[in-house]
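If you scroll down you'll find the structure; I have some questions about it.
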Number of protein chains: 2
Amino acid sequence: MSRKPADPILEERAQQLLKALVQRYIREGQPTGSRTLTRESGLNLSPATVRNIMADLEDAGYLRSPHTSAGRVPTDRGYRFFVDSLLTVNPLREREIEQLRIHFDRGRNPEVLIDSASNLLSWLTQLAGVVTIPRRHMGSVRQLGFLPLSERRVLAILVVNEREVQNRVLHTDRDYSGTELEHISNYLNAEFVGKDIEQIRAALLDAMNNDRKEMTELMSVAIEVARRLFTRPEDEDDDYVMAGETNLMTFAELSNIEKLKQLFEAFNQKREIIHLLDRCLTADGVQIFIGQESGYEVFDGLSLVTSRYQTDDEVLGVLGVIGPTRIPYDRIIPIVDVTAKLLGHALNPQH
Amino acid sequence: MSRKPADPILEERAQQLLKALVQRYIREGQPTGSRTLTRESGLNLSPATVRNIMADLEDAGYLRSPHTSAGRVPTDRGYRFFVDSLLTVNPLREREIEQLRIHFDRGRNPEVLIDSASNLLSWLTQLAGVVTIPRRHMGSVRQLGFLPLSERRVLAILVVNEREVQNRVLHTDRDYSGTELEHISNYLNAEFVGKDIEQIRAALLDAMNNDRKEMTELMSVAIEVARRLFTRPEDEDDDYVMAGETNLMTFAELSNIEKLKQLFEAFNQKREIIHLLDRCLTADGVQIFIGQESGYEVFDGLSLVTSRYQTDDEVLGVLGVIGPTRIPYDRIIPIVDVTAKLLGHALNPQH
DNA sequence: ATTGGCACTCTCTAAGCTAGAGTGCTAACG
DNA sequence: CGTTAGCACTCTAGCTTAGAGAGTGCCAAT
């Protein structure tokens with residue numbers, strides 16, 4: 001077996017050492033030297049040999065030394081390899097899952113459930129928990145209603161899935177009387193109640209492209225109103241709920257106040273975080289961003305462990321946990337996984 | 001003029017020195033010694049004399065020395081005296097107020113205005129801005145509506161003051177059909193639209209105490225529903241909007257991470273902050289809490305400058321600024337004052 | 001009452017030193 | 001030829017020392 005220093009495929013021994021080092025660093029938070037690692041790894045090697053291998057791992061970018069005589073710590077790449085190839089997660093026991101399930105009473109409305117999930121994540125992990133607020137594409141419309149507010153402003157009320165109520169103020173091009181609105185609402189209710197939002201969008205598109213000859217005045221007005229109601233306004237950005245941000249303050253990695261400030265400003269700004277979370281929507285299962293992998297500078301030294309949550313029919317959003325790169329992934333991953341499943345299940349529309 | 005060391009009434013000279021010291025400390029953030037103060041105060045005294053007076057001020061609790069040879073800094077009490085008796089505020093010029101007014105377009109809805117106010121406060125002062133969300137006692141009801149959601153759950157919609165829409169899910173003791181709800185809503189609309197919430201509450205109380213003989217079944221059901229709609233649910237706590245918390249991170253006073261964490265947790269918890277802000281509802285004009293005066297430990301080293309904001313008819317809430325005790329009160333006070341007035345004005349119901 | 005003088009106290013900074021930890025290299029070993 | 005012991009070297013963290021600077025409190029003189 002010839003050794004190839006720059007080869008991405010690591011020797012068995014090197015992997016074992018990397019694993020031991022990452023595990024120890026996650027536990028202790030301090031650089032590890034060759035002597036300690038020899039003891040820790042279980043391998044029957046001398047410190048000198050371990051030193052050679054560690055030097056190789058450093059060359060390959062998996063480790064680095066804070067300074068000459070401080071032992072070594074994992075790089076982002078080191079964590080990545082650890083997470084991808086060396087990590088064994090213990091799934092939660094049924095009993096523990098049962099404990100969590102208590103917090104997701106299907107009767108509650110979505111906002112409360114999402115809050116719960118976020119708090120739960122932060123509480124279980126002692127890190128920052130984050131849950132995106134779902135923007136539904138599906139969901140069955142139960143009722144539509146309109147109330148005139150003042151000249152040219154109409155309040156539209158949309159009830160989806162029994163528990164979700166959406167208000168939107170529509171600015172109209174002309175006044176609509178109460179009876180007129182009632183007609184419109186009757187028409188739209190007759191047409192759309194019981195259908196999915198997605199279906200409705202399609203139907204609307206269809207109606208608008210169709211020959212308008214066969215429409216009554218009422219219909220075409222109603223369809224125009226509905227179109228505006230079902231178009232997500234551009235300024236309404238996605239949003240998320242976060243809990244336990246302050247947990248991050250205790251980590252030595254963030255003792256730098258300036259860095260901490262930037263992070264919290266990013267949390268408030270929401271833009272970058274949303275964008276990052278959105279990227280997790282595409283893939284199933286637990287996803288992990290380590291350090292600068294995400295491309296955002298504020299995430300230097302931080303990891304994000306996420307999972308989508310979804311009903312039987314539809315992907316709703318993303319939830320996860322933000323903490324320093326030095327977190328016990330084996331414990332965090334199943335927590336995020338299970339929380340996502342429980343939340344998704346609790347948000348399933350009821351029969 | 002005999003000197004009485006423990007007398008709360010300070011000599012003219014002592015006051016002048018205290019003023020100079022506080023001003024300098026607010027500007028520089030560093031303890032001031034007798035020599036510097038002699039120069040700064042404009043008084044024609046020797047450092048030795050100033051030292052004597054400073055010792056008196058320390059005995060009286062207005063100043064303290066961080067350590068033997070570090071000069072002196074104001075205590076909370078020192079700030080208090082400064083703010084109450086020594087401070088001269090320069091009201092904003094009309095031009096500056098005009099600049100601020102731009103941010104309070106009366107057309108916008110309350111949430112947006114409150115957000116603006118909070119951001120504006122934080123931006124102008126480079127501190128944390130906070131605005132409580134008004135819970136109206138008054139406000140004219142424009143429309144009531146009901147939608148059945150599922151068995152025993154009814155969505156009530158209440159439109160107040162053109163722009164404010166409140167949803168509430170009422171859990172009822174039995175099912176109500178759509179027509180039944182329509183009747184109830186018709187009755188309540190006829191009865192209440194155009195009236196103040198306060199008036200309605202009174203009317204409801206009256207109706208319930210009255211002899212029920214003369215009521216139809218419909219009326220008494222409607223009144224019961226209305227009662228529940230107009231009773232603020234207990235779990236719905238007061239709330240506030242905060243902006244620029246992260247500004248506080250830059251202050252040396254909060255370089256202690258543990259303290260910072262506690263503060264941010266208090267912000268998230270909201271309970272203590274709300275309670276403190278509520279206390280400001282009682283008095284008119286700008287109010288100031290300095291350091292531990294508020295009674296909350298997290299406010300050690302911090303000041304709160306607040307003012308109520310109100311429409312012509314009604315006190316709506318409180319807004320203000322949180323920062324270290326060492327803030328330029330002369331600048332902050334008029335900013336808070338004017339912002340409160342502008343916000344109150346913008347929230348006035350439109351004829 | 002005010003002031004100059006003075007001894008004293010305390011902090012802050014820099015410099016120097018040591019112990020400890022860990023490395024990389026080399027030469028010897030099996 | 002991979003592995004290992006030995007060793008010189010490097011770097012940090014913590015401790016001590018020393019001096020400068022700032023400011024005080026007190027006392028005696030004005």
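All values derive from a computational prediction rather than experimental measurement.
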State, with a plain yes or no, whether a side-chain heavy atom of B:V130 is found less than 4.5 Å away from one of B:L277. yes
Can you tabulate the close N/O pairs, meaning under 3.5 Å, that link protein atoms to atoms of nucleotides 9-19 of chain C?
residue, atom, partner, partner atom, Å
C:dC10, O2, B:S69, OG, 2.8

Grab the CD1-C1' distance between B:I53 and C:dA1 for me, whole Å please. 11 Å
Nearest-angstrom distance from the residue atom CG of B:L43 to P of C:dT2: 11 Å
To the nearest Å, give me how far apart CG (A:D56) and P (C:dG24) are.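 Spelled out: CG on A:D56 to P on C:dG24 is 10 Å.
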Degree of bending in the helix from C:dA1-D:dT30 to C:dG30-D:dC1 once both end axes are built from five pairs, to 10°: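 Computed from the C1' atoms at both ends, the axes differ by 20°.
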Test item: B:T36 side-chain N/O and B:T32 main-chain N/O as donor-acceptor pair under 3.5 Å: no
Could you state the CG-P distance from B:L21 to D:dT24, rounded to the nearest angstrom?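 Spelled out: CG on B:L21 to P on D:dT24 is 10 Å.
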Separation of D:dG23 P from B:E40 CD (nearest whole Å): 12 Å
Taking salt bridge (Lys or Arg N to Asp or Glu O under 4.0 Å) as the cut-off, I'd like each qualifying pair that reaches into residues 35-44 of chain A, sequence neighbours left out, listed once.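 Matches after skipping sequence neighbours: A:R24-A:E40, A:R27-A:E40.
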Does any residue of residues 26-35 of chain A have a heavy atom under 4.0 Å from DNA chain D, and if so, which ones, in number order?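 Heavy-atom cutoff 4.0 Å gives no residues at all.
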Anything under 3.5 Å between a protein N or O and an N or O of nucleotides 26-29 of chain D, put it in a table, one pair a line.
none

Kindly state each residue pair satisfying salt bridge (Lys or Arg N to Asp or Glu O under 4.0 Å) with at least one member in residues 41-55 of chain B, sequence neighbours excluded. none
Spacing of B:L37 atom CG relative to D:dA22 atom P, expressed in whole Å: 16 Å
